[in-house]
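Here is the structure we will look at.
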Amino acid sequence: MGHVEPLEFTGYGDEDGHTFPSPSSTLALVGAPTFPNSIKWSEDNLIAVASGHLVTILNPASLSGPRGYASILQSQIFDIGTVKREDLSDSVLLPFRLWREGRVGVRALDWSPQGLASNGSCLLGVCTTDFRIKLYRAPFCDYKAEWVEVADLSELIYAYCLEKEFKETEVCKNKLTYNFRQTWIQKENWCLVEKNVQSFCIEFFLQMSKFLRQKQAKAGNLLDMGGGGGAFKNSSEEHSERVVTPSTYAARHSLMSPLVLAWSPKWHANDQGFVFCAVGTRAGSVSVFRFAVPISYSIEKALPLSDFCFLGFLRAHKSWVTSVSWASCPGPHAGTPNSDGGFENTMLLATGCADGSVKLWSGDSQILASLPSCSGVLPFTLLRQVVEADLVLVSSLTLSVPTRGSTKALMAVGKGSGCISAWEFDVSWCCTRIACQLKAHDQVVTGLTWGGDGRCLYSCGQDNHLKSWEFMGSELSGLPFPDCSALFVSETPQVSSDLPASALDRFYGVTLSPGCLAMAVVRGIASEMLDPMYQSRTQKGVVQLFWVGGQRFKGLLANMGDSMVEIPIAKSLWPEDLANWGLQIASTLHHMEDYTEALVLWDVIAALSFLKSLAGIQVMVSIISGWLQSCWKEHNHFMIDPLCMSVGSLQLCLANASCRQLQMACVIYRRMLLGHSKFEELSGESSRENWDTGTDETIHMGLPGIPREGGGLAPTSEQEQLWKKHLWHMEHELRQRLILLTLSAAASLEGAEHEQDVLKDKSTELWLMADWVLANGSVIFPELLEVAAHIRYSSDDIRFPSGELRPLESCTFCDAVVPLTSPEVAYCHSVELNSDDINHKLLRCAVSLQVCPAVPSWYCSCCARWATKLAPALFFTLLSRKNIKQVSSSLVLQQPALPTCPFCGVSLHRFLPDFLLSPTAV
């Protein structure tokens with residue numbers, strides 16, 4: 001291959017001459033970010049940004065499109081006691097006297113795992129500057145942009161402290177130290193008081209408090225001392241009842257002052273899913289909350305938040321807890337079912353402190369799941385103190401287990417001095433590798449995140465630098481930041497036409513997409529470079545999106561084969577960049593094969609689309625074919641290209657593929673290989689009518705293709721016909737598995753008296769499934785035919801709710817009979833007209849095959865199918881067709897269903913108009 005010139009990048013820098021890659025998308029914020037780690041990416045593909053007095057929620061697929069927001073409002077102050085007037089000059093109370101109440105803002109935020117909200121989406125947890133912990137849900141049924149507050153976890157802590165009479169603070173009061181010389185990232189947020197002016201400040205505020213008490217003496221109400229920590233009362237009777245010492249008051253305030261929060265992964269115990277939320281406080285303790293995963297979901301209305309409670313405090317440090325991170329336990333069985341039907345139950349919790357110490361804890365999810373609420377001290381075990389106290393603030397911390405079943409855990413710590421350290425631990429918690437960069441940044445590290453496989457670490461800081469590191473051996477080696485974002489530009493890199501990029505002065509957080517191919521950062525804007533009349537009112541910060549799938553590693557390409565070398569590429573890409581993209585996309589696809597992970601292929605589909613437009617369809621086809629070959633290699637004995645297989649060869653591979661692999665393949669076929677086709681051409685029986693029935697042989701992908709309008713090549717008609725057949729057979733395999741799983745469970749429970757109510761509720765669904773199977777016996781596998789015949793003929797004596805011997809579905813609009821002719825759509829037959837005349841076109845549920853009523857239903861944004869019922873959770877865990885026989889029948893009907901499309905594997909949601917924010921999984 002001849003020499004290929006790379007694209008000449010113009011750069012994207014700041015006023016100091018530092019050069020960064022160009023972002024593919026940029027969006028201005030109306031609120032200024034202030035604290036570290038101010039941006040998070042959810043499992044359902046939404047980005048939340050802490051922007052001053054509100055949280056901005058964005059869809060990365062369209063940063064400039066609709067957005068949501070969560071307003072942070074002032075909350076009522078907790079009454080934690082009163083202090084005598086003569087004690088006001090105590091140095092412990094100086095921070096409260098210096099407090100100036102401003103507009104309430106966001107201090108920290110994090111997304112919960114998917115499935116915790118009543119519609120199956122993520123909850124957003126927020127710590128506010130008035131020391132509240134609030135939870136928000138998406139307004140999926142409210143038709144508005146503002147997110148809805150569903151809980152205030154601070155109320156649970158306050159109720160527990162009142163019940164225990166703040167006995168927890170006795171421990172905090174003895175171990176905490178107060179240092180007024182502490183510094184923080186923003187001097188506006190933390191008090192910096194010199195000792196020689198303390199006496200003046202105390203005297204001044206004593207006089208001020210005297211004036212305010214005299215002014216409010218008649219009302220006898222509370223005088224706010226700031227920070228949400230309590231108040232001083234004028235009533236002598238109340239004063240005598242709730243009087244506390246200054247140290248007690250400060251300890252109580254510290255215990256009620258949350259700083260950071262983090263959600264744990266989803267855990268299972270006693271056939272119930274649980275999620276834990278850890279909140280770091282000023283008292284050095286960590287508050288832990290437990291949330292039960294809902295057993296049912298609704299798309300019509302918002303259900304109350306499922307069972308949740310406050311468990312207690314973990315006494316972690318002797319100063320402020322500034323960073324918290326969860327992870328699953330590393331090991332070959334982590335996150336997999338064990339012999340008892342449960343999951344490996346060890347969870348990891350890492351905590352960072354303002355004194356510089358970092359600790360690693362372990363907890364048993366089985367024990368935590370069975371603990372009663374308000375248990376007090378929690379059963380966490382200190383595995384090791386990773387970093388000793390050195391009085392350098394821990395500003396960012398991330399803990400990760402790279403892949404499921406991995407035998408190592410990775411931890412990275414960023415400090416206020418700009419230092420970054422990384423550790424690797426094995427299953428026995430011995431440190432196998434450690435690396436440190438003392439001068440990684442010149443100022444505070446404000447964001448850290450691990451790449452998908454744990455080899456790459458991304459960091460950002462207040463020195464206006466965004467960097468990437470390779471964790472190899474015992475060192476963190478700096479890597480050039482990938483410049484592929486300049487090739488994938490979807491919007492102008494500048495914030496606006498009249499604001500230069502050099503106005504961006506610092507980073508406040510970094511986060512990666514679920515597939516780790518895209519990165520989002522939030523940055524501040526230098527106010528002195530803005531026009532005070534126009535720009536400064538609407539542009540307080542920016543969110544930028546980068547593509548990092550082309551990240552280069554040292555020696556990564558040394559062991560590559562020759563498969564990528566012969567691929568034709570565009571002049572704007574180095575061959576190494578294209579090879580890196582192929583490897584990263586393949587790695588992401590293999591990671592997404594884990595059914596415990598939420599399936600979000602947006603970044604994969606977007607990256608493949610960009611590469612297709614830049615380098616041609618052969619590049620995209622080669623990447624997809626390589627992934628399919630790795631999935632089906634055990635059953636593709638002749639090593640035929642999966643995209644060229646005949647239907648007969650494909651069916652052998654489909655029977656042994658997992659449901660997750662089939663769903664991912666369906667998404668890729670729909671969005672990439674057949675993306676120009678309409679939904680109606682690819683779904684249901686109508687798609688078979690478009691086949692070229694004369695072609696069922698293996699084809700060769702060496703065909704040159706057809707030039708497409710706008711450039712590039714399109715697949716030939718022969719290729720398209722074969723791919724449509726592949727897609728139909730993959731979806732047909734998934735439908736048969738879903739029906740076989742449901743009918744087999746029903747057949748095995750026919751004799752159980754306690755299950756008759758369940759079977760009666762599903763009588764219409766079971767009859768329709770069996771009827772469809774028998775009507776299409778020529779394309780159904782034998783075991784399903786046998787079960788369907790048993791269900792069909794055993795229900796001849798059952799009378800359905802309509803009183804008939806067979807279920808009669810009626811039209812939603814005219815009450816005419818609706819026969820079952822297709823699993824996708826239905827047409828009603830009016831009794832007044834000839835039976836050949838069809839009237840209204842109706843949609844059928846993708847799960848139960850029943851006609852969808854005229855009420856809000858679940859919608860799949862990938863295949864445009866609708867559902868009124870949800871598929872059982874066990875369906876998505878099937879590793880092959882033969883595993884259906886090993887599934888417990890009672891669990892199929894009793895376990896909670898997931899709001900997930902059975903054909904695409906992506907989350908179902910409510911169909912919303914274009915002007916409202918909606919997640920985009922593909």
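FYI, side chains are in, hydrogens and waters are out, and symmetry mates aren't considered; it's all heavy atoms of this structure. Just so it is clear, the structure is predicted and the values come from calculations on it, not from any experiment.
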Checking side-chain contact (heavy atoms from CB on, under 4.5 Å) against Val543, which of Ile39, Val521, Thr56 comes through?
Ile39

Check step by step if side-chain hydrogen bond (donor to acceptor under 3.5 Å, both in side chains) holds for Thr920 and Asn59.
CA-CA 7 Å; Thr920 304; Asn59 183 350; 2.8 Å; yes

Show the nearest heavy-atom pair for residues Met730 and Leu654, with the distance to one decimal.
CG-CD2, 3.5 Å

Scan for salt bridge (charged side-chain N to carboxylate O under 4.0 Å, His left out) pairs involving residues 844-854, sequence neighbours excluded, and state none if there are none.
Glu809-Arg844

For the pair Arg660 (side chain) and Glu597 (backbone), establish whether a donor and an acceptor sit closer than 3.5 Å, ignoring hydrogens and angles.
yes

Start with the C-alpha distance between Asn37 and Ser396, add both sets of side-chain angles, then the distance that settles side-chain hydrogen bond (donor to acceptor under 3.5 Å, both in side chains), and finish with yes or no.
CA-CA 7 Å; Asn37 311 300; Ser396 188; 3.0 Å; yes

Going by side-chain contact (heavy atoms from CB on, under 4.5 Å), Val522 matches just one of Val542, Leu27, Val510, Val49. Which one?
Val49

Say whether, by atom type as modelled, one donor and one acceptor occur between the side chain of Trp723 and the main chain of Leu643 under 3.5 angstrom.
yes

Main chain of Gly447, side chain of Tyr458: is a donor-acceptor contact present, judged purely on distance under 3.5 Å?
no

Does Leu448 offer a backbone N or O that forms a donor-acceptor pair with the side chain of Thr398 under 3.5 Å?
no

Using a 3.5 Å distance criterion without hydrogens, assess whether the side chain of Asp603 forms a donor-acceptor pair with backbone atoms of Ser513.
no

Which residues pass the ring pair (Phe, Tyr, Trp, His ring centres under 6.0 Å) test with Trp858, sequence neighbours left out?
none

Using the side-chain hydrogen bond (donor to acceptor under 3.5 Å, both in side chains) criterion, which residues pair with Trp263? Sequence neighbours excluded.
none

I'd like to know if the side chain of Asp594 and the backbone of Thr596 have a donor-acceptor N/O pair within less than 3.5 Å.
yes

Any salt bridge between Glu731 and Arg735, counting N to O under 4.0 Å?
no

Heavy-atom donor-acceptor pair, Ser609 side chain to Ile605 backbone, under 3.5 Å:
yes

Could you tell me if the side chain of Trp627 sits less than 4.5 Å from the side chain of Glu593, heavy atoms only?
yes

Applying ring pair (Phe, Tyr, Trp, His ring centres under 6.0 Å) to Trp602 and not counting sequence neighbours gives Trp547

Quick one: ring pair (Phe, Tyr, Trp, His ring centres under 6.0 Å) partners of Trp111, sequence neighbours excluded?
Trp147

Name every donor-acceptor pair, under 3.5 Å, that has one atom in a side chain of residues 848-856 and the other anywhere in the protein, sequence neighbours excluded.
from: Ser848; atom 1: OG; to: Gln850; atom 2: N; distance (Å): 3.4
from: Ser848; atom 1: OG; to: Gln850; atom 2: OE1; distance (Å): 3.3
from: Gln850; atom 1: OE1; to: Lys869; atom 2: NZ; distance (Å): 3.3

